[in-house]
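Heads up: the structure comes next, in C-alpha cells.
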Amino acid sequence: MRFIDKTILPGDITPQAVFEQRRSLIKAAAAGSFGAALTPWFSRQAFAANPDKLAATLNPTYSSKEEMTPLKYVTSYNNFYEFGTDKADPAEYANTLQTRPWTISIEGLVKKPLTLDIDALLKIAPMEERIYRMRCVEGWSMVIPWDGYSLSKLITKVEPLASAKYVEFVSLADRKQMPGVKSSIIDWPYREGLRMDEAMNPLTLLTFGLYGEVLPKQNGAPVRIVVPWKYGFKSAKSIVKIRFTEEMPKTSWNQIDAREYGFYSNVNPQVDHPRWSQATERRIGDAKGVFAPKIKTQMFNGYAEQVASMYTGMDLKKYY
Ligand SMILES: Nc1nc2c(c(=O)[nH]1)N[C@H]1C(S)=C(S)[C@@H](COP(=O)(O)O)O[C@H]1N2
Ligand SMILES: [Mo]
C-alpha cells in the first residue's frame, strides 16, 4: 500500500490548485498506481472552511480509468427540463433552485418509512467517489467523478416488504423555482424508476456531489440518482421522494413516447432508438469538439460484468 501526502496548508489552496491536484490524484488512482488502497483525498480540516466541499474516498473498484470530462462541460452542457430544454438552460437558470432546507421521503411498501432532511441523508453511509461513464440517449457521453453512496445502503435501512418489486424516484416540480415547469413537455413531476434488483445493485449511486464538491444545481442538487449502465434520463435529479411499489412505476420519458423510451433503457448499441442508431457516441469535451471521432458504445455502457446477470433470459429488444 502506498500513501499519498494529502497535507495541504490552507493558505496554499486556490480553487484551481485544488481542482488540478484532484484531477491528477484521480488520474493516478484510476491508473492503478495506488493499488487497491482507498485514497482519501484531503483531510476534513483542509475543507472545513468551505461547506461546498464533500470529503469522499475514491472507490477504484467501480471507477473508470478513462479521461474525465472537464468540470466546465459537466456543469454547462446539461439536460434538466425543469429549467428549460436547451443544454445551456440549466446552467443559466438553476440558480433559483433552493436546496436547503430539503426533505426527502422514503415511502410505499417498506417496514420503516423515513422522512429525512438532506443533511441527515448525507450521513447514512460514508461518501465514496466513483468515476462513471454516462451515456445520454441523444448520443453523447461524459466521464464524471460522482460523490455519494450506494442506494442499497438507504434501501436496507427502510426494510422493503417482500411485495416491493420496483422503486420510483420523484423529482421536485416547483414553478416558483423551476421556470421550465410551466412547459407541458413533461407531465410534472419528473419520475423515474428501477426494478428492485437494479436499485440494489452496488453501482446505483445516491449522489450528492461531483468532482469532490456539493452537486451544482444544474446537475441535480441536492440529491440525485446515478445509474451508469442506463441512458442518462434514468438518473433522476433533485429528488424529493423514493417510493417502493409492487407495480412497475410510470416514468416520464416512457409517458412522453413509449415507443422511443422503454422502462429499462439499458445502454445497448444493438438496439437502435427508432429515429437513430445507438451504436456510437461522442465524448463531450474532447479537444476536437464536434469533429471528435465517434467512439463505439459498449453493451450496458461498459458495465456488463456487474449488471448483465440481472437480464439473463430477457429479450432486450423487447424490454428496451
Ligand atoms: N428531474 C430531471 N432529472 C433528469 C433530467 C431532467 O430533465 N429532469 N434529464 C435526464 C437526462 S436526459 C440526462 S442525460 C441526465 C443529465 O445529467 P447531467 O446534466 O448531470 O449530466 O439527467 C437526467 N435526469
Ligand atoms: Mo439524456
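Whatever order the structure lists ligands and atoms in, that order sets their numbers, starting from 1.
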Problem set entry | Minimum-distance protein heavy atom relative to atom 15 (C) of ligand 1 | Gly232 O, 3.6 Å
Exercise. Between Tyr319 and Tyr311, does the ring centroid distance fall short of 6.0 Å?
Worked result: no
For this session: Answer yes if Val170 and Tyr166 sit in the same cluster of Ile, Leu, Val, Met, Phe, Trp and Tyr residues linked by side chain heavy atoms under 4.5 Å apart, and no otherwise.
Result: no
Exercise. What atoms of ligand 1 come closer than 4.0 angstrom to any heavy atom of Ser171?
Worked result: 1 (N)
Exercise. Heavy atom under 4.0 Å from ligand 1: found in Arg224's side chain, backbone, both, or neither?
Worked result: side chain
Problem set entry | Spatial distance of atom CZ (Arg135) from atom CH2 (Trp140) [nearest 0.5 Å] | 10.0 Å
Exercise. At what distance, to the nearest 0.5 angstrom, does CE of Met142 lie from CG of Asn78?
Worked result: 6.5 Å
Exercise. Is there any N or O on Asn79 that sits under 3.5 Å from an N or O of ligand 1?
Worked result: yes
Exercise. Any idea which protein heavy atom is nearest atom 22 (O) of ligand 1, and the distance to it?
Worked result: Lys237 CE, 3.3 Å
Exercise. Can you list the steps and then say if Arg133 with Glu281 is a salt bridge (charged side-chain N to carboxylate O under 4.0 Å, His left out)?
Worked result: CA-CA 12 Å; Arg133 274 183 297 281; Glu281 65 198 62; over 6 Å; no
Exercise. Polar-atom distance check: Glu82 versus ligand 1, any N or O pair below 3.5 Å?
Worked result: yes
Exercise. Ion pair present between Glu67 and Arg283, side-chain N to carboxylate O less than 4.0 angstrom?
Worked result: no
For this session: Report, in ascending order of atom number, the atoms of ligand 1 lying under 4.0 Å from any heavy atom of Asn78.
Result: 18 (P), 19 (O)
For this session: Answer yes or no: does atom OH of Tyr303 have more than 12 heavy-atom neighbours from other residues, nucleotides or ligands under 6.0 Å?
Result: yes
For this session: Find all atoms of ligand 1 within a distance of less than 4.0 Å from any non-hydrogen atom belonging to Cys136, and give their numbers and elements.
Result: 14 (S)
For this session: Give the atoms of ligand 1, by number and element, whose distance to some non-hydrogen atom of Ser235 is under 4.0 Å.
Result: 4 (C), 22 (O), 23 (C), 24 (N)
Seminar exercise, completed: shortest atom 6 (C) of ligand 1-to-protein heavy-atom contact is with Tyr190 CE1, 3.3 Å
Seminar exercise, completed: Taking only non-hydrogen atoms of Asn219 and a 4.0 Å limit, the atoms of ligand 1 in range are 18 (P), 19 (O), 20 (O)
For this session: Decide if the gap between the ring center of Tyr81 and the ring center of Trp253 is smaller than 6.0 angstrom.
Result: yes
For this session: Classify the angle between the aromatic ring planes of Phe233 and Tyr261 as parallel (below 30°), tilted (30 to 60°) or perpendicular (above 60°).
Result: perpendicular
For this session: Flag Trp146 as yes when one of its N or O atoms lies below 3.5 Å from any N or O atom of ligand 1, and as no otherwise.
Result: no
Problem set entry | Nitrogen or oxygen of Tyr81 less than 3.5 angstrom from that of ligand 1 | yes
Exercise. Which one of Tyr261, Phe233, Trp140 has a non-hydrogen atom at the shortest distance from atom 11 (C) of ligand 1?
Worked result: Phe233
